Amino acid sequence: MKYVDEFRDPQAARRLVAQIAERSTRPIQLMEFCGGHTHAIFKIGLRQLLPTHVQLRSGPGCPVCVTSGADLERAIALAGLPGVILTTYGDMVRVPGSRGSLQEARADGADVRIVYSTLDALEIARRNPARPVVFLAVGFETTAPTTAAALLQAETQGLPNFSVLCLHKLTPPATRAILDAGEVRLDGVLGPGHVTTIIGADAWRFLPEQYGISCVVAGFEPLDILRGVAALVDLHEDGEPAVRNVYGRSVSSEGNRVAQEMMERVFEVSTAKWRGFGPIPDSGLALRDAYVHRDAARAFPMEVTDIPEPKGCRCGEVLRGILEPTECALFRAVCSPRTPVGPCMVSSEGACAAYYRYGAEA
Ligand code: SF4
């Protein structure tokens with residue numbers, strides 16, 4: 001298949017692996033921010049192919065995983081309100097909260113509907129004009145523009161019953177939080193391809209300029225990731241931290257201006273609470289005053305207290321990159337995709353699910 005096969009060529013992959021081995025002379029620890037990268041890395045067995053001194057750590061790039069327990073509680077409470085239809089992407093329904101999951105709330109009678117796009121949520125609002133329809137907006141910069149577009153459409157199409165529980169998060173501030181915390185030493189970051197399609201590669205310039213480490217933005221096919229790692233090794237060996245983009249077929253320096261303008265119109269930057277991190281300044285998106293009538297958190301105010309992580313679950317440390325999922329005592333023994341204890345085992349982008357699926361041993 002054109003545009004895919006050329007990024008999966010085994011011979012080219014072997015050449016890149018050899019190039020990395022030849023070029024790297026000293027230890028280097030890299031983080032892939034994005035859960036999509038984590039799954040791709042495990043799928044191709046990349047960690048086993050690299051020299052032992054080229055280490056990869058998984059980062060917090062799974063939107064479902066970093067949704068805080070309190071925000072999940074709020075979503076479950078919202079779903080339980082009379083008349084409310086809560087619409088959400090699929091992975092969120094299985095995340096266990098302190099009083100069960102959205103899936104269990106649905107079994108108890110709440111009207112929770114899985115949607116595949118914001119258009120589905122708008123259609124549900126259109127068909128149910130007498131009922132409040134809330135879209136659970138979870139995701140990074142990749143999906144925030146579609147939420148913004150849905151809000152604008154609800155305005156122009158006159159759908160007063162459509163609102164959003166806005167839990168969108170921004171990736172650069174979380175990367176900054178990891179580096180500021182200093183819990184894990186990083187020599188470079190494999191930049192998230194989909195996110196950077198929206199925000200542009202220049203958004204990562206703070207990494208070399210302020211932290212002295214490189215960022216290479218990469219796609220998700222085997223050769224994309226290998227080229228990303230090879231470029232990070234090159235920059236590290238040269239001692240010249242910089243931002244590079246090896247995903248030029250999707251990512252530009254400035255990003256997607258149309259999407260950025262739409263986000264800018266609808267959202268303002270706010271503090272957001274991340275699972276495993278707590279509040280991170282300027283890492284979330286809130287609705288601007290002009291759209292406050294579509295903010296489900298304000299339309300349905302409720303007290304939601306912080307809840308503890310599930311007993312024994314170490315998702316927080318996994319998300320901060322300081323613990324491998326296999327170091328969690330519950331991994332595989334108790335926690336599996338069929339019986340997930342924490343969100344990192346639920347989500348298709350979660351690190352624990354990737355380790356489990358591709359056979360990492362505890
Ligand atoms: Fe949490 Fe399960 Fe991952 Fe352990 S293996 S950190 S319990 S999701």
Side-chain angles (χ1 to χ4, degrees), residues 29 31-43 45-48 55-76 88-105 136 138-140 167 169 171 174-175 177-178 181 183-184 186 192 272-278 280 305-362:
Q29 181 148 265
M31 175 175 277
E32 82 273 3
F33 183 94
C34 175
H37 275 153
T38 301
H39 278 253
I41 284 166
F42 274 87
K43 191 173 177 186
L46 180 59
R47 287 187 175 194
Q48 289 73 29
Q55 295 276 316
L56 295 175
R57 309 290 300 187
S58 302
C62 160
V64 168
C65 308
V66 295
T67 297
S68 74
D71 284 335
L72 176 64
E73 294 294 301
R74 187 183 302 281
I76 293 170
T88 174
Y89 295 133
D91 278 354
M92 276 305 292
V93 300
R94 294 184 62 229
V95 178
S98 68
R99 288 173 295 144
S101 62
L102 280 167
Q103 188 168 257
E104 287 164 318
L136 181 53
V138 167
F140 298 132
L167 305 178
K169 294 181 175 58
T171 51
T175 311
I178 288 172
E183 294 177 304
V184 56
L186 294 181
K273 195 176 254 190
W274 295 56
R275 187 187 292 266
F277 291 80
I280 303 179
T305 51
D306 243 344
I307 57 158
E309 293 296 320
K311 200 162 182 282
C313 175
R314 303 183 68 182
C315 275
E317 292 148 279
V318 171
L319 290 166
R320 299 202 304 278
I322 58 175
L323 191 92
E324 301 271 317
T326 47
E327 294 174 84
C328 170
L330 305 188
F331 181 81
R332 208 181 284 279
V334 175
C335 183
S336 74
R338 284 171 68 93
T339 55
V341 176
C344 299
M345 189 60 92
V346 172
S347 172
S348 57
E349 293 184 300
C352 299
Y355 278 63
Y356 187 97
R357 182 166 178 195
Y358 298 108
E361 292 302 324

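Counting starts at 1 for both ligands and their atoms, following the listed order. Here the structure is a predicted model, which is why all the values come from computation and not from measurement. Side chains are part of it too, since the values below use all heavy atoms of this structure and drop only hydrogens, waters and symmetry mates.
In terms of protein heavy-atom proximity, atom 2 (Fe) of ligand 1 is nearest to Cys335 SG, 2.4 Å.
Atoms of ligand 1 lying under 4.0 Å from at least one heavy atom of Met345, given by number and element, are 8 (S). Listed by atom number, the atoms of ligand 1 under 4.0 Å from Cys313 heavy atoms are 1 (Fe), 6 (S), 7 (S). Contact atoms of ligand 1 toward Gly342: 8 (S) (distance under 4.0 Å to a heavy atom of the residue). Remark: ligand 1 atoms within the under-4.0 Å shell around heavy atoms of Cys352 are 3 (Fe), 5 (S), 6 (S), 8 (S).
Ring orientation note: the planes of Tyr355 and Phe331 are nearly perpendicular, at an angle over 60° on the 30°/60° scale. Ring orientation note: the planes of Phe140 and Trp274 are close to parallel, at an angle under 30° on the 30°/60° scale.
When side chains are defined from C-beta on, Glu324 counts as touching Arg57, because their heavy atoms get closer than 4.5 Å.
A side chain to side chain contact (heavy atoms under 4.5 Å, CB included) with Leu56 is found for exactly one of Met31, Gln29, His37, Glu32, namely Glu32. Tested against Val95, the residues Met345, Gln103, Arg275 include a single side chain to side chain contact (heavy atoms under 4.5 Å, CB included) partner, Arg275.
Among the atoms of Cys328, no N, O or S atom is found under 2.8 Å from atom 2 (Fe) of ligand 1.
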